[in-house]
Amino acid sequence: MSDGARHIERTFVMLKPDALERSIMGEILGRFERKGLKLVRLELRRVTKDLAATHYAHLVDKPFYPELEAYITRGPVVACVWEGIDAIRVVRNLVGATDSILAAAGTIRCDFGVDKTENLVHASDSPESAASE
Ligand code: UDP
Ligand code: MG
């Protein structure tokens, strides 16, 4: 909401394979909990190549897509839904900018992320993507 209106929203978050490999899933989920967001769904799953291509449809033609596909399919992920006031924006702020090197101090990606690909977390960027994801 650009005009300051605030609403209870739900947002889709996915902890990517590096979050599980590095055993920081609890740390990341804890940040959403401590912010006051409510966990409404959580599931351990695998991302297939087909699902990766759907989820990252806006990126399949990019030169880095093969690397992104290998990353997101290489191990289990945790898919979850969080609810709260302005949850989509709140979660994007907690997660930080795409490139972990440039992400603001105190964000999940700044504190734990490695680079532009291995950045630990996916979070919906709009009500439309939250609903479809
Ligand atoms: N990504 C990448 N290289 C890039 C840009 C993005 O590997 O140059 C990966 C990265 O894992 C990112 C995901 O593709 O999180 C989705 O990209 P998007 O631009 O949607 O960034 P996000 O919304 O995750 O910040
Ligand atoms: Mg995105």
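Whatever order the structure lists them in is the order used to number ligands and atoms, beginning at 1. All values derive from a computational prediction rather than experimental measurement. Numbers here simply count residues along the sequence, with the first being 1.
- The single protein non-hydrogen atom nearest to atom 5 (C) of ligand 1 is Phe64 CZ, 3.5 Å, given as residue, atom name and distance.
- Glu33 is linked by a salt bridge (charged side-chain N to carboxylate O under 4.0 Å, His left out) to nothing, counting only residues two or more places apart in sequence or in another chain.
- Glu9 and Arg89 are not joined by a salt bridge, as no carboxylate oxygen comes within less than 4.0 angstrom of a charged side-chain nitrogen.
- Among all protein heavy atoms, the one lying closest to atom 10 (C) of ligand 1 is Lys116 O, 3.1 Å.
- Residue contact check: Asn119 has heavy atoms under 4.0 Å from atoms 10 (C), 11 (O), 12 (C), 15 (O) of ligand 1.
- Leu68 and Leu102 fall into different hydrophobic clusters, where Ile, Leu, Val, Met, Phe, Trp and Tyr are joined by side-chain heavy atoms under 4.5 Å apart, directly or via other members.
- Backbone and side-chain nitrogen or oxygen atoms of Thr98 are examined, and one is located within less than 3.5 angstrom of a nitrogen or oxygen of ligand 1.
- Shortest non-hydrogen contact noted between Ala87 and Thr11 is O-CG2, 3.8 Å.
- Atom 7 (O) of ligand 1 has its closest protein heavy atom at Thr117 OG1, 2.7 Å.
- Remark: ligand 1 atoms within the under-4.0 Å shell around heavy atoms of Leu68 are 9 (C), 11 (O), 14 (O).
- The side-chain heavy atoms of Val121 and Ile28, taken from C-beta on, include a pair separated by under 4.5 Å.
- Using 4.0 Å as the threshold, His122 has no heavy atom nearer than that to any atom of ligand 1.
- Counting heavy atoms under 4.0 Å from ligand 1, residue Glu118 does not touch it at all.
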Below 3.5 Å, can you tabulate the donor-acceptor pairs from side chains in residues 75-83 to any protein atom, sequence neighbours excluded?
| from | atom 1 | to | atom 2 | distance (Å) |
| --- | --- | --- | --- | --- |
| Glu83 | OE1 | Arg10 | NE | 2.8 |
| Glu83 | OE1 | Arg10 | NH2 | 3.1 |

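- Not a single N or O atom of Tyr56, backbone or side chain, sits closer than 3.5 Å to an N or O atom of ligand 1.
- With ligand atoms numbered from 1 in the order given, ligand 1 contributes 22 (P), 23 (O), 25 (O) to contacts under 4.0 Å with heavy atoms of Arg92.
- Assignment of His58 to the shell around ligand 1 is supported, since a heavy atom sits closer than 4.0 Å.
- At least one heavy atom of Arg109 sits under 4.0 Å from some atom of ligand 1.
- Near Leu59, meaning under 4.0 Å from one of its heavy atoms, ligand 1 places the atoms 14 (O), 16 (C), 17 (O).
- Transitive grouping of hydrophobic side chains (ILVMFWY, heavy atoms separated by less than 4.5 Å) brings Phe12 and Leu59 into a common cluster.
- In this structure, Glu118 pairs ionically with Arg74, as a charged nitrogen and a carboxylate oxygen lie closer than 4.0 Å.
- Between Asp111 and Arg31 there is a salt bridge, since at least one side-chain N of the basic residue sits less than 4.0 Å from a carboxylate O of the acidic one.
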